[in-house]
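Both ligands and their constituent atoms are indexed starting at 1 by order of listing.
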Amino acid sequence: MLSKERMPGHVAVIMDGNGRWAKEKGLPRLAGHNAGMKAMKKIVDHSDKLGIKYLTVYAFSTENWKRSMDEVSGIFKLLVTYVNSDLKGLIDNNVKVKILGDYSALPKDAIKSLEKTLTATADNTGLQFNIALNYGGRDELRKAVIAVGEKVKRGELAPEEITEEIIAEHLYTGSLGADVPDPELIIRTSGELRLSNFLLWQSAYSELVFPEVMWPDFTPEEYEKAIADYQSRERRFGGR
Ligand code: FPP
């Protein structure tokens with residue numbers, strides 16, 4: 001049984017293994033991403049049911065552009081299908097959607113569908129669902145350094161006045177952006193044990209859980225197992 005009191009406020013997920021899932025079944029990689037999208041929908045619903053306040057998914061990284069054109073455009077098509085077909089459901093469930101990353105580089109139809117979704121869900125007060133798109137932790141830090149550097153250049157801030165809070169504020173997750181607290185729990189499926197440039201600053205004290213299943217097989221039951229693992233741990237934040 002999960003404890004309501006120890007429910008993580010923010011869960012972040014690296015949805016890994018779509019390609020291997022498809023390969024095992026002799027299917028094209030995009031069939032894996034399609035199954036991954038379905039798994040993601042269930043996890044969004046289940047997060048809401050569990051009373052989790054923030055869910056972040058790593059949908060497309062700054063490195064994913066290196067994949068074949070077919071795969072990249074297929075992922076964006078799935079994204080458009082997802083936001084268009086699920087918009088009503090997201091609104092009905094009071095879900096607020098936010099994007100982490102520079103989505104201006106995405107295809108025009110994807111930008112249009114995303115912006116429609118962001119606007120339509122902006123005033124919702126339930127689960128905040130953050131989709132990391134064209135997101136990279138180093139790129140995010142670089143952009144924050146540039147923004148803070150500009151403030152220093154304009155004389156609004158002295159270098160020694162730069163605090164951790166000021167840096168955090170300028171990240172995609174900061175109060176000037178999606179305004180999300182650091183994740184208590186990060187889940188990466190498929191048995192890979194890496195963060196792969198995901199939430200580098202924000203993961204400083206996150207608990208990491210690595211279920212062996214491929215992302216399309218990550219069911220609400222697997223999700224609850226990962227949360228139970230998190231709840232069994234003692235978090236000390238560098239103290240004793
Ligand atoms: C990682 O699996 C998955 C991705 C890079 C894409 C994630 C996309 C989805 C879950 C579906 C689409 C949803 C949205 C919101 C766009 P992989 O391809 O790296 O798997 P592999 O390591 O087995 O090859």
Can you check which of Arg20, Met37, Met15, Arg67 brings a heavy atom nearest to atom 17 (P) of ligand 1? Arg67
Can you tell which of Ala59, Ala22, Gly36 gets a heavy atom nearest to atom 14 (C) of ligand 1?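 Considering heavy atoms of Ala59, Ala22, Gly36, the nearest to atom 14 (C) of ligand 1 sits in Ala59.
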Parallel, tilted or perpendicular: which fits the ring planes of Trp65 and Phe76, with parallel below 30° and perpendicular above 60°?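 The rings of Trp65 and Phe76 sit tilted, inter-plane angle from 30° to 60°.
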Whether Phe198 and Tyr58 hold their rings parallel, tilted or perpendicular, with breakpoints at 30° and 60°: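 Ring orientation, 0 to 90° scale: parallel.
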Any heavy atom of Lys23 closer to ligand 1 than 4.0 angstrom? no
What protein heavy atom is closest to [atom], reported as residue, atom name and distance in Å?
atom	result
atom 9 (C) of ligand 1	Asn18 ND2, 3.7 Å
atom 11 (C) of ligand 1	His33 O, 3.3 Å
atom 24 (O) of ligand 1	Arg29 NH2, 3.1 Å

Using a strict cut-off of 4.0 Å, indicate which atoms of ligand 1 neighbour a heavy atom of [X].
X	answer
Gly19	17 (P), 18 (O), 20 (O), 21 (P), 23 (O), 24 (O)
Asn64	5 (C)
Met40	15 (C)

Using distance alone, determine whether Asp16 and ligand 1 share an N or O pair under 3.5 Å. yes
Please report the interatomic distance CG(Leu79) to OG(Ser113), rounded to the nearest 0.5 Å. 7.5 Å
Phe60 side chain reached by Leu133 side chain, heavy atoms, under 4.5 Å: yes
Between His33 and Ile75, is there a donor-acceptor pair closer than 3.5 Å when you use the side chain of the first and the backbone of the second? no
So, Trp201 and Asp182: side-chain donor and acceptor under 3.5 Å apart, yes or no?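 Side chains of Trp201 and Asp182: no pair found under 3.5 Å.
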No-hydrogen, no-angle side-chain donor-acceptor test under 3.5 Å, Ser68 and Arg29: no
